[in-house]
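Not measured: the values here are computed from a predicted model. Throughout, a chain's letter reflects where its sequence line sits, starting with A, and its residues are numbered from 1.
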2 protein chains.
Amino acid sequence: MNGKATTTRTRLERGRSALGPALELVHTGRAPTRAVLTSELGVTRATAGAVAAELEALGLIRVDSRPGAAAGSQGRPSHRLAVDDTGPVVLAAQVHADGFRAALVALGGRTVATAPGCVTVSSDPAQVLGEVVAEGAALLRESGRRCVGAGLAVPSAVAEPEGTALNPLHLAWPAGAPVRDLFVEQVRAAGIEGPAFTGNDVNLAALAEHRHGAGRGSTQLLCVATGHRGVGGALVVDGRLHTGSSGLALEVGHLTVNPEGRPCHCGSRGCLDVETDPLAFLDAAGRDPGPEGSLLEQSRDLLRTEYADRSVRAAAEELIDRLGLGLAGLVNILNPDRVILGGLHRELLDADPARLRAVVADRSLWGRSGSVPILACTLDHNSLVGAAELAWQPVLDDPLAALT
Amino acid sequence: MNGKATTTRTRLERGRSALGPALELVHTGRAPTRAVLTSELGVTRATAGAVAAELEALGLIRVDSRPGAAAGSQGRPSHRLAVDDTGPVVLAAQVHADGFRAALVALGGRTVATAPGCVTVSSDPAQVLGEVVAEGAALLRESGRRCVGAGLAVPSAVAEPEGTALNPLHLAWPAGAPVRDLFVEQVRAAGIEGPAFTGNDVNLAALAEHRHGAGRGSTQLLCVATGHRGVGGALVVDGRLHTGSSGLALEVGHLTVNPEGRPCHCGSRGCLDVETDPLAFLDAAGRDPGPEGSLLEQSRDLLRTEYADRSVRAAAEELIDRLGLGLAGLVNILNPDRVILGGLHRELLDADPARLRAVVADRSLWGRSGSVPILACTLDHNSLVGAAELAWQPVLDDPLAALT
DNA sequence: CGGAGTTTGTTTAGTATCGGCACAAAAGAA
DNA sequence: TTCTTTTGTGCCGATACTAAACAAACTCCG
């Protein structure tokens, strides 16, 4: 079978071209069987069989030819496809306002090991990245797995192609810190194999939700989220992040949603950033930020336990109206087929979904684009999973080239 | 050579895969010689030669092997490539507030025949489209050329996949008119060969500018224009129109650029639509729209001949500031690498480029994304050329399949 | 229980689209 | 003229498929 030990000249350069798409289908759960793989790829059964066999030989997927559960329909049951649990992993890392976290993530977005994370954050990016990579390296040693890449999520816009963090506001890092180079450096220093990538956390969360969460099947996915301070946005078009020409697309924080609103550091007033983040919510509800828990946690607790309180409810409705205005503007410009909200925005959606949807529909230009589904994100640690997606991407693009 | 009269089973289905990219390179002028084609395609000289020969055999391009002008460098001079002037054409049609126009457009965006157009516009879309298609059919008969498709530009958002005009405001057409189907019907009735497509005029103008005008080489091109009433936007990403999930992306007219501004039919105030279009300019300059010429022509005359007038200059500066605010919002969300302005916006840019660039830079989040080049469009009738691009697209995607 | 029908996997043969290589052709430079 | 540089062309083989026939594994129905 596939005596492929012959001359592999062009194989190494271009690979089997259906290999990448096939792996992506299995990776995202869209090809549970070989028969589905055949139709999704639009190739013959012979080709799909060869591709699946080659991916299995690479240790990336498992082809289960045993009968298994009845398929439900008649005809010969199809071989089941699944990512290989014992295959290679990538190192995923995330830095946020309250600490950092490292994890090993297998194909399919499955987290196979997580370090507890840390709550002390230094103002020196190199030190923080060194610590998080060290945790990842420890996980790798324990697991004994092969590592094929690393990804890092940071709460800041990351300029391409330089890989610099332009506004790491709540990390106390210097603006313009070369996070990508620093991360690559630390990964190399720790002896971890494979390429290393860096991206904005909301962008990566959107990527993760598109592949493994509430965004599956969407072709134009808009994601908006707020974690601690400020608001992030992301757009996934046909399965790829829309990063703009220099990685700065979807910086939605300075859409005006309240002309007489709070002053913003950008010089304007009533920006989405300062009108719909957790601090704005606590402020609108007349609460002072307490010492316990992050701003997001305090806001979430308030929304979930004291929603009956008049001031809490009024604050929620005010934020929902502002958020809806911003979303409507984005919907008019981007025309997504799905919107996913994260962080506090997800909590606001849960609190009063009808109100948010009504505001968006009212301010959208046409009924249909205004009736775009607005959903809550569904993955835990979606930025972390998204960082792993970044690292997996070369493998998904060309498995043969990436693993040799 | 290439005795290709054998079995053409898969050829008909998939075509030579480098054929489309090669034709696109010649079409957009990025492959003036066969040597450049070789490097641009990233294939061997042998492959590029075969591809060029096949495109010549199809009657799409001409390969000029005569010495010609000295190449400037040493070595054997490369064969020159050009689109075939005598090859097939597409029918391009445009409907706007002041009339309609039909033309025949060859590869390379060259208009080979134009009908004078008409100034009377009926409120019945079928009648207008029938007349413009009839003019196109007459041009075709005169020219004796082969027609491989037709494209139509309309001043309205066109919903996909239905092909309906959602807001044909200044045509007095009913909202939701099925323009795509009507156009296809008229094209079929006139006996014109090939598929027929319909698109928004600003979208198509952006496509044309990207391929043949000021947008060449851009990977993320933002285009904003205003012709008569209202403002249109378009985004071309990696050479393809970004239409959103249902064709409604880049409907930028209702960005708020002046919270205390003019009321807009959308229910809000100070929208880009009503703050930066020709009517807004005439209003700001204290002039009543006259009976002679379109609003755009009147505005242009005023700007070019009476810019010294205090009221005209003040009006221009007011509109520039509003437009800059809107552009800055779009730049923050889309992060384009180039911005092209059309219609009155182009005139405003010409009137005071420094002011407009300063406003955009000031309201953009980071210096670099704010310093995006802002240029005037360079093509005459760019919507018409864009409509032709739409019709050429199947040929550019797969020349063999499209011509058989 | 057993055949018919259905769906999927596998084998074999064939082919389109390239890459690699050697050589020829057309220019400038020495 | 001769050498060097650059480009075009013919030939061979490899890759990644398709097509078609056959085999396998299940359901359905009598």
Side-chain angles (χ1 to χ4, degrees), chain A residues 1-22 31-56 63-81 398-401, chain B residues 1-22 31-39 41-54 56 63-81 398-401:
Chain A
M1 313 304 118
N2 274 337
K4 299 286 180 185
T6 58
T7 58
T8 51
R9 275 169 301 183
T10 52
R11 279 266 304 279
L12 286 176
E13 292 164 17
R14 311 195 318 137
R16 196 186 281 267
S17 65
L19 221 51
T33 68
R34 243 191 57 178
V36 174
L37 181 67
T38 302
S39 60
E40 288 289 314
L41 284 178
V43 298
T44 60
R45 293 196 295 270
T47 302
V51 165
E54 192 156 355
L55 287 175
E56 190 176 31
V63 182
D64 191 353
S65 55
R66 290 168 310 174
S73 77
Q74 54 178 338
R76 176 175 175 173
S78 188
H79 293 181
R80 303 198 73 77
L81 303 178
D398 190 341
L400 264 174
Chain B
M1 310 314 116
N2 272 338
K4 299 286 179 185
T6 58
T7 58
T8 52
R9 277 169 297 183
T10 51
R11 281 267 303 279
L12 287 177
E13 293 164 15
R14 313 195 319 138
R16 197 186 281 264
S17 64
L19 222 50
T33 67
R34 241 190 61 178
V36 174
L37 180 67
T38 302
S39 61
L41 285 179
V43 298
T44 60
R45 292 196 296 270
T47 301
V51 165
E54 192 156 355
E56 189 176 34
V63 182
D64 190 353
S65 56
R66 288 168 312 177
S73 77
Q74 55 177 336
R76 176 176 175 174
S78 188
H79 294 183
R80 302 198 72 78
L81 303 178
D398 190 341
L400 263 174

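- Considering CG of L400(A) and OG of S17(A), their distance stands at 11.0 Å, rounded to 0.5 Å.
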*Trace of the side chain to side chain contact (heavy atoms under 4.5 Å, CB included) decision for D398(B) with L19(B)*: CA-CA 7 Å; D398(B) 190 341; L19(B) 222 50; 5.6 Å; no
Enumerate the protein-to-nucleotides 3-8 of chain D contacts in which both atoms are nitrogen or oxygen and the separation is below 3.5 Å.
unit_1 : atom_1 : unit_2 : atom_2 : d
dT6(D) : O2     : R76(B) : N      : 3.0
dT7(D) : O4'    : R76(B) : O      : 3.4
dT7(D) : O3'    : S78(B) : OG     : 3.4
dT7(D) : O2     : R76(B) : NH1    : 3.3
dG8(D) : OP1    : S78(B) : OG     : 2.9
dG8(D) : OP1    : H79(B) : N      : 3.0
dG8(D) : O4'    : R76(B) : NH1    : 3.3
dG8(D) : O4'    : R76(B) : NH2    : 3.4
dG8(D) : N7     : R45(B) : NE     : 2.9
dG8(D) : O6     : R45(B) : NH2    : 3.0

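- Nearest heavy atoms, V43(B) versus A48(B): CG2-N, 3.9 Å.
- Rounded to an integer number of Å, the gap from CZ of R80(A) to P of dC26(D) is 13 Å.
- Contact of the H79(B) side chain with the D64(B) side chain is not registered, since no non-hydrogen atoms from C-beta on lie closer than 4.5 Å.
- The CD-C1' distance, from E40(A) to dT8(C), rounds to 17 Å in whole Å.
- A sub-4.0 Å separation between OP1 or OP2 of dT18(D) and a side-chain N or O of T44(A) is present.
- Residues passing the side-chain hydrogen bond (donor to acceptor under 3.5 Å, both in side chains) test with T44(A) are T47(A), sequence neighbours excluded.
- For the pair T47(A) and dA16(D), the criterion of a side-chain N or O lying under 4.0 Å from OP1 or OP2 is not met.
- Summarising the geometry, the separation between CD on E54(B) and C1' on dT9(D) is reported as 16 Å, rounded to the nearest angstrom.
- Considering only residues two or more places apart in sequence or on other chains, T33(A) meets the side-chain contact (heavy atoms from CB on, under 4.5 Å) condition with A35(A), V36(A), S78(A), R80(A).
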